[in-house]
Amino acid sequence: MAQTFRQPDILKIVRRDGKATVENLAEHFGVTLQTIRRDLTDLAEANKIERVHGGAILPSGTTNIEYEERRKLNQSAKVAIARTCARYIPDGCSVFLNIGTSTEEVARALLSHRDLMVVTNNMNVATILTENPECQIIVTGGTVRRADGGLIGNVTIDTIRQFKFDFAVIGCSAMDTDGDLLDFDTQEVGVSHTIIAQSRKTFLVADHSKFARTAPARIASMESLTTVFTDAKLPEKLRMKCREWNTEVVVAGS
């Protein structure tokens, strides 16, 4: 495979998994370790990845991957996580679903639930849930973020403060090794703070790629969560912290 064709595929693998090793990439493409190292160097010089010992990870930065591209990443894992999360949400309750491709999958997993009230600042979630006639849908209002149909800002926060939710389902852009949830948009972080404060139980839905990513804005500590739904075991340091904080971790399919 020519280098120019191989590098986009390498980038897809890193974005899908959050990281990649030189050895695994060499085996995948049937080339030498040195060839893969050159590819990774080229991608790192283009600021598309970050080189680390033995491989590469998604770059540290202040901007997120495009929303349509995020929708495609780890899609099957997001579906499994969402379906597992939905089993923890009973009929006849109030739920907040926030912005994110994983929370959109949770909305789809709730289409057969009955007697729900769902409040959301995600116009995509609201559209999905219109297919469930047993679901009352309340959209918060706020400033529209055109990139993903999210609603953010003071109007959003003021609306959320009018409720006390049985459950909130949130996502994040990254999970730091010290147990902090991270995001790219400071306005969205302010909304997330309010969601957590106004919810009796808070669920996080996050696939394994979030373990290897970073983002500049802190949402909250995982200590504030009731349950984390993911598709792979957390890194050992995070597992220990969740045990210390009594934050439940549920791995979809396990």
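We use all heavy atoms of the structure for the numbers below, so side chains are in, but hydrogens, waters and symmetry mates are not.
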Practice problem: Could you check S221 against D180 for side-chain hydrogen bond (donor to acceptor under 3.5 Å, both in side chains), going step by step and ending with a plain yes or no? | Solution: CA-CA 4 Å; S221 168; D180 281 340; 4.6 Å; no
Quiz prompt | Check against side-chain contact (heavy atoms from CB on, under 4.5 Å), I195 and S199 | solution = CA-CA 6 Å; I195 294 167; S199 302; 4.2 Å; yes
Exercise. Might you work through the salt bridge (charged side-chain N to carboxylate O under 4.0 Å, His left out) test for R145 and E188, ending with a clear yes or no?
Key: CA-CA 10 Å; R145 193 166 63 187; E188 185 175 349; 2.8 Å; yes
Exercise. Check the pair C242 / M222 against side-chain contact (heavy atoms from CB on, under 4.5 Å), numbers first and verdict last.
Key: CA-CA 7 Å; C242 285; M222 292 173 71; 3.4 Å; yes
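A86 is linked by a side chain to side chain contact (heavy atoms under 4.5 Å, CB included) to A109, L110, H113, counting only residues two or more places apart in sequence or in another chain. Judged as a side chain to side chain contact (heavy atoms under 4.5 Å, CB included), and not counting sequence neighbours, the contacts of V79 are Q75, R83, E105. Judged as a ring pair (Phe, Tyr, Trp, His ring centres under 6.0 Å), and not counting sequence neighbours, the contacts of F165 are F96, F163. Checked against side chain to side chain contact (heavy atoms under 4.5 Å, CB included), V144 has the following partners two or more places apart in sequence or in another chain: M123, L151.
Between the side chain of R239 and the backbone N or O of L234 there is at least one donor-acceptor pair closer than 3.5 Å. Between the T21 side chain and the N24 main chain, a donor and an acceptor come within less than 3.5 Å of each other. Looking only at distances, a side-chain donor or acceptor of T41 sits under 3.5 Å from a matching main-chain atom of R37. At least one donor-acceptor pair under 3.5 Å links the side chain of D166 to the backbone N or O of S94. Checking side-chain atoms of T159 against main-chain N and O of T140 turns up a donor-acceptor pair under 3.5 Å. Although no hydrogens or angles enter the test, the distance criterion places a donor-acceptor pair under 3.5 Å between the side chain of N132 and the main chain of L111. With hydrogens and angles ignored, the 3.5 Å screen pairs no side-chain donor or acceptor of R38 with any backbone N or O of D42. In this structure, the side chain of T32 engages the main chain of T35 through a donor-acceptor pair within 3.5 Å. Between the side chain of T247 and the backbone N or O of R243 there is no donor-acceptor pair closer than 3.5 Å. A distance-only check finds a donor-acceptor pair linking the side chain of N122 to the backbone of V125 [under 3.5 Å].
For E248, the CD atom sits in a packed shell: over 12 heavy atoms of surrounding residues, nucleotides or ligands are nearer than 6.0 Å. Remark: D91 CG is packed, more than 12 non-hydrogen atoms of other residues, nucleotides or ligands lying under 6.0 Å away. Residue K241 qualifies as enclosed at atom NZ: its count of foreign heavy atoms under 6.0 Å is above 12.
Separating the CE atom in M117 from the CD1 atom in I138 is a distance of 4.0 Å, to the nearest 0.5 Å. Atoms CD1 and NE2, on I157 and H193 in that order, are 9.5 Å from each other to the nearest 0.5 Å. Distance CD1/I89 to CG/L116: 8.0 Å, rounded to 0.5 Å. Taken from CD in E23 to CD in E27, the straight-line distance is 10.0 Å, to the nearest 0.5 Å.
With contacts defined as side-chain heavy-atom distances shorter than 4.5 Å, the pair V205/C85 qualifies. Side-chain contact check for L225 versus I170: some heavy-atom pair is nearer than 4.5 Å. Counting only heavy atoms from C-beta outward, the side chains of D185 and I152 approach each other to under 4.5 Å. Residues Q136 and V118 are not in side-chain contact: their nearest non-hydrogen atoms beyond the backbone lie 4.5 Å or more apart. When side chains are defined from C-beta on, L204 counts as touching C172, because their heavy atoms get closer than 4.5 Å. Considering only heavy atoms from C-beta on, I36 comes within 4.5 Å of V31 through its side chain. With a 4.5 Å cut-off on side-chain heavy atoms, I128 and E104 count as touching.
When all heavy atoms of A56 and L40 are compared, the closest pair comes out as CB-CD2, 4.1 Å. In plain terms, the two heavy atoms of S192 and I219 that are nearest each other are CB-CG2, 3.6 Å. Of all non-hydrogen atoms in I196 and A220, the two that sit nearest each other are CD1-CB, 3.8 Å. Across all non-hydrogen atoms, the minimal contact from T186 to A217 is CG2-CB, 4.2 Å. Of all non-hydrogen atoms in V191 and G153, the two that sit nearest each other are CG2-N, 4.1 Å. Taking all atoms of both residues into account, the shortest heavy-atom contact from H208 to T230 is N-OG1, 4.0 Å.
Between T156 and N121, the side chains place no donor N or O within less than 3.5 Å of an acceptor N or O (distance only, hydrogens not considered).
When the side chains of ILVMFWY residues are joined at heavy-atom separations under 4.5 Å, either directly or via intervening members, M240 and V251 end up in two distinct hydrophobic clusters.
At a threshold of 4.0 Å, the pair E244-K237 does not count as salt-bridged, since none of the basic side-chain nitrogens sits closer than that to a carboxylate oxygen. Ion pairing between D9 and R6 fails under the 4.0 Å rule for side-chain N and carboxylate O. Using a 4.0 Å cut-off between charged nitrogen and carboxylate oxygen, D231 and K78 do not count as a salt-bridge pair.
Judged as a salt bridge (charged side-chain N to carboxylate O under 4.0 Å, His left out), the pairs with a partner in residues 120-139 (not counting sequence neighbours) are, in order, R114-E134. Residue pairs that meet the ring-ring contact (aromatic ring centres under 6.0 Å, His included) test with at least one member in residues 223-254, sequence neighbours left out, are Y88-F229, F203-F229.
With V169 as the fixed residue, the side-chain contact (heavy atoms from CB on, under 4.5 Å) test singles out one of T120, N98, V95: V95. Each of L43, D39, I10 was evaluated against I49; a single residue qualifies, L43, per the side-chain contact (heavy atoms from CB on, under 4.5 Å) test.
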